[in-house]
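Keep in mind the model is a prediction, meaning the values are calculated, not measured. Positions are given from 1 along the sequence.
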Amino acid sequence: MDREPIVRSFGPGGGGDRPDRPRRDPLTGTLADRISALLGTEVRRAARAGSSHDWTLSYAELADGTRLFVKSLSRGSEPTGVLLAEARGLEWLGRCFGSPVIQPLGWDERLLVLPLVEQREPTPAAAERLGRQLAGTHLTGADSFGADWPGYVGPLPLDNTPARHWPRFYAEQRLRPYLRRALDQGALTPTDARAVEKVVDSVEDLAGEPEPPARIHGDLWSGNVLWRERDAVLIDPAAHGGHREADLAMLALFGLPYLDRVRDAYNEVAPLSSGWRGRVALHQLHPLLVHVCLFGAAYRTTALEAARTALRTS
């Protein structure tokens, strides 16, 4: 039985769910037609800009000149829930006062429509503002570790089953599944796996003082930070209730301009717990295992070094 398409729209005209507008099949028409039907307003043009993982990236323009950024799944692919997970995560993060996260204009199982961000060079002032906003987002908190929707990190499923105990959540729902996948793919050897398993078995001892669930972005590498003239916008989350040190550790993983300014401003609002520097490698191990699964053995050495560092600093 075909499922009723899931549709949510906040776009100009807000016509995604209007009873006087006939619901269109999300697989028919041009991309511009499909976006128009989703947002309930005329889209003048849409053009493909590239691809990322299993989805297509496009630019679109409304009749009034407003520019959009669109993620879409191909007509021949079966929806996995990845775009729904991203949209729900953006919406959830956006409920925080002063959230730096971009807000979706509309979505369904095959389309996610976002405002187009006009990017600028990063500045110290924008970095400091990001640090304060990120702290506020984290402090908003979550009901539990995990989330009440199925998660994705990139194209890979992310187990968001709610949990109360962070070390166990991190070990069993963030580290072990990707270690197993990397082994099955041959990107890690059994000897490699033993080094990571030592961390998995020791998370309780490595975790530091218990903290309540924070409302985290979950995939906060530097490429998901878009700088504007006075601030920054965060995109592409794997949002869930997690440990707040995870977002900061990931910002450091591939380098972020003015990271010290971000961290100092963050600490003014929400001081990090004692020993946080020694836990950076622990929090970086999850995204590194994800990278091993996605890109193969190119990330093997970095992941194993993170595992060894996490154990040395315990």
- Message: side-chain contact (heavy atoms from CB on, under 4.5 Å) for V292 and L288? Distances and angles first, verdict last.
- Response: CA-CA 6 Å; V292 172; L288 285 170; 5.6 Å; no
- Task: Take Y152 and H53 through the test ring-ring contact (aromatic ring centres under 6.0 Å, His included) and record every step on the way to the result.
- Result: CA-CA 12 Å; Y152 282 84; H53 300 297; over 10 Å; no
- Could you walk me through whether R174 and D159 pass salt bridge (Lys or Arg N to Asp or Glu O under 4.0 Å), step by step? CA-CA 7 Å; R174 292 298 180 262; D159 184 358; 5.9 Å; no
- Query: Under the side-chain contact (heavy atoms from CB on, under 4.5 Å) criterion, do L114 and L105 qualify, and how do the steps go?
  - Reply: CA-CA 5 Å; L114 304 164; L105 300 174; 5.9 Å; no
- So R34 and T30, side-chain contact (heavy atoms from CB on, under 4.5 Å) or not? Walk me through it. CA-CA 6 Å; R34 294 163 64 196; T30 66; over 6 Å; no
- Message: Does R261 form a salt bridge (Lys or Arg N to Asp or Glu O under 4.0 Å) with D264? I'd like the steps, not just the answer.
- Response: CA-CA 5 Å; R261 296 288 190 105; D264 289 348; over 6 Å; no
- Verdict with reasoning, D231 to R228, per salt bridge (Lys or Arg N to Asp or Glu O under 4.0 Å): CA-CA 5 Å; D231 60 7; R228 300 190 296 194; 2.9 Å; yes
- Message: side-chain contact (heavy atoms from CB on, under 4.5 Å), that's the test. Do K71 and L57 meet it? Break it down for me.
- Response: CA-CA 5 Å; K71 291 184 173 182; L57 310 177; 3.8 Å; yes
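For the atom pair L84 CG and D108 CG, the distance stands at 7.5 Å (nearest 0.5 Å). Taking CG of L289 as the start and OG1 of T302 as the end, the distance is 11.5 Å to the nearest 0.5 Å. Here the OG-CD distance, from S202 to E197, works out to 11.0 Å after rounding to the nearest 0.5 Å. Between F169 atom CZ and S144 atom OG the span is 8.0 Å, to the nearest 0.5 Å. Here H291 contributes atom NE2 and F254 contributes atom CZ; the two are 3.5 Å apart, rounded to the nearest 0.5 Å. To the nearest 0.5 Å, atom CZ of residue F145 and atom NE2 of residue H243 are 7.0 Å apart.
Side-chain heavy atoms closer than 4.5 Å link hydrophobic residues (I, L, V, M, F, W, Y) into clusters, and following such links, possibly through other members, connects L175 to L188. When the side chains of ILVMFWY residues are joined at heavy-atom separations under 4.5 Å, either directly or via intervening members, L272 and V262 end up in a single hydrophobic cluster. Taking hydrophobic clusters as Ile, Leu, Val, Met, Phe, Trp and Tyr residues chained together by side-chain heavy-atom distances below 4.5 Å, L304 does not share a cluster with L183. Linking Ile, Leu, Val, Met, Phe, Trp and Tyr residues whenever their side-chain heavy atoms come within less than 4.5 Å places V196 and Y299 in a single cluster. When the side chains of ILVMFWY residues are joined at heavy-atom separations under 4.5 Å, either directly or via intervening members, W276 and L220 end up in a single hydrophobic cluster.
Listed here is the closest heavy atom pair of P237 and G89: CG-C, 4.3 Å. Considering all non-hydrogen atoms of both residues, L158 and A238 come closest at CD2-CB, 3.9 Å. Closest heavy-atom contact between G94 and S99: CA-OG, 3.8 Å. Here the shortest heavy-atom pairing between V70 and L111 reads CG1-CD2, 3.9 Å. Shortest non-hydrogen contact noted between A135 and A270 is CB-CB, 4.0 Å. Contact between E118 and R67 at its shortest, heavy atoms only, is OE2-NH1, 3.1 Å.
Using the six-membered ring where Trp is involved, H283 and Y170 have ring planes that are tilted, between 30° and 60° apart. Aromatic ring pairs are classed by plane angle as parallel below 30°, tilted from 30° to 60° and perpendicular above 60°; the pair W149 and W92 is perpendicular.
Side-chain N or O atoms of H165 include none that pairs as donor or acceptor with a backbone N or O of P167 at under 3.5 Å. Distance alone, capped at 3.5 Å, places no donor-acceptor pair between the E245 side chain and the R279 backbone. The main-chain N or O of C96 is never found under 3.5 Å from a side-chain atom of R215 such that the two would form a donor-acceptor pair. Under a 3.5 Å cut-off, the side chain of R110 and the backbone N or O of S77 do form a donor-acceptor pair.
At a threshold of 4.5 Å between non-hydrogen side-chain atoms, the residues L68 and E61 do not count as touching. Side-chain contact check for T137 versus V101: every heavy-atom pair is 4.5 Å or farther apart. Put simply, the side chain of L39 reaches to within 4.5 Å of the side chain of L62, judged on heavy atoms. The closest side-chain heavy-atom distance from L256 to V225 is below 4.5 Å. Using a 4.5 Å heavy-atom threshold, the side chains of V82 and W55 count as touching. The shortest side-chain heavy-atom distance between L248 and L134 falls under the 4.5 Å cut-off. Using a 4.5 Å heavy-atom threshold, the side chains of W221 and P287 count as separate. Proximity of L226 to I235: side-chain heavy atoms (C-beta onward) are separated by under 4.5 Å at one or more points.
Residues S273 and E211 have side chains that bring a donor and an acceptor to within less than 3.5 angstrom of each other. The closest side-chain donor-acceptor pair between H138 and D247 falls under 3.5 angstrom. With no hydrogens or angles considered, a side-chain donor-acceptor pair links T309 and E305 at under 3.5 Å. A donor-acceptor pair shorter than 3.5 Å cannot be found between the side chains of D33 and S36. There is a side-chain donor-acceptor pair under 3.5 Å between Y266 and R244. A side-chain donor-acceptor contact under 3.5 Å links T189 and D192.
Between D201 and K198 there is no salt bridge, since no side-chain nitrogen of the basic residue lies less than 4.0 Å from a carboxylate oxygen of the acidic one. Of the charged side-chain nitrogens involved, none lies within less than 4.0 Å of a carboxylate oxygen, so that E172 and R168 do not count as a salt-bridged pair. Looking at R164 and D143, no side-chain N of the basic residue comes within less than 4.0 Å of a carboxylate O on the acidic one, giving no salt bridge.
No more than 12 heavy-atom neighbours from other residues, nucleotides or ligands sit within 6.0 angstrom of OH on Y59. In E209, the CD atom is not crowded: 12 or fewer heavy atoms of neighbouring residues, nucleotides or ligands sit closer than 6.0 Å. Counting heavy-atom neighbours within 6.0 Å of R44 CZ, excluding the residue itself, gives a total above 12.
Outside the 6.0 Å centre-distance limit, the rings of W166 and H240 are not counted as a close aromatic pair.
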